[in-house]
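Down below is the structure, laid out as structure tokens.
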Amino acid sequence: MKTISFPRKIQKHLSKLKRAGKTVGLVPTMGALHGGHLSLIRRARRENDVVVVSVFVNPSQFGQGEDFRRYPRPFARDKKLCEKEKVDVIFNPPPQTMYPKGYLTYISVDRMSDVLCGKHRPGHFKGVATVVAKLFNIVQPDRAYFGLKDFQQARIIGRMTADLNVPVDVVTCPTVREKDGLAMSSRNVYLGKSQRKNSVLISEALHSAVDMVKCRKAKNADKIIEKVKKDIRRIAGARVDYVDICDPETLEKKTVAKPPFVILAAVRIGKTRLIDNVILLK
Ligand code: PAF
């Protein structure tokens, strides 16, 4: 496995392989790899000749007062995990190579970026869309892999890729959960013992809302949302940023919870912000 830190260098390395007819799969990450990332890497490994994992804590997607500085960076551990999964290249650029002095260009995906998490983290998705577009240009993968735990992010990247005619297949993969149901996230390590134990109530509340719809016990979106918020507020110290029921393609709010829909939540437990969602297609 190679570790490459500079865009020019990885471009040169990959262009040789592409000329030889190899396909390239990219798994963009901010490191602190967990089971969710490993599922993306494994799928990329199955579907491509060459697998690239980018490890870059992207400053442009963090707002003021957010956790950019304390975001976990266990690079040696990440490297070992990638080696075990037979990753071919780790791309870990220093921030100044991605955003050199004088950097001015950003991508924003209108409307979809201002709702849900975008409302609570202004500028976040502009940072995400920009860094992903840059990674697509640097790596020029055939396919790129994203987890559906970050549902809004996956949809925004899909939109950006289609709108800008980027020749990359955006592959989305299911959320991977801990045994008790908590969605895997690099931020779960911030949780204290009792916070960690209680955080399972988020996924339980979302799944029970979907079960209510499936059993035809509820369909009014506002009522379902209120019930989910009430369930989540049983977590000591929890503050709900939002719970919403949306169209899974456009992210527009739905007033009736009729499939297809996605129910999404963002919750702050102490200083930790967790997101989760459950999708009901039919
Ligand atoms: O999901 C993440 O880890 C990040 O938002 C991504 C897609 C790697 C962009 O920095």
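Both counts, for ligands and for their atoms, begin at 1 and track the order of listing.
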In terms of side-chain geometry, is the basic nitrogen of [X] or [Y] positioned less than 4.0 Å from the acidic oxygen of its partner?
{"X": "Arg187", "Y": "Asp67", "result": "yes"}
{"X": "Glu85", "Y": "Arg45", "result": "no"}
{"X": "Asp150", "Y": "Arg155", "result": "no"}

Cluster link Ile232 to Phe151, ILVMFWY, side chain under 4.5 Å: no
Would you mind listing which atoms of ligand 1 come within a distance below 4.0 Å of any non-hydrogen atom of [X]?
{"X": "Pro28", "result": "8 (C)"}
{"X": "Thr29", "result": "8 (C)"}
{"X": "Gln61", "result": "4 (C), 5 (O), 9 (C), 10 (O)"}
{"X": "Val131", "result": "9 (C), 10 (O)"}

Step-by-step side-chain contact (heavy atoms from CB on, under 4.5 Å) determination, Cys173 to Leu148: CA-CA 6 Å; Cys173 304; Leu148 284 171; over 6 Å; no
Of the listed options His37, Met30, His124, Lys149, closest to atom 3 (O) of ligand 1 (non-hydrogen atoms): Met30
Atom 5 (O) of ligand 1 - nearest protein heavy atom and its distance: Gln153 OE1, 2.7 Å
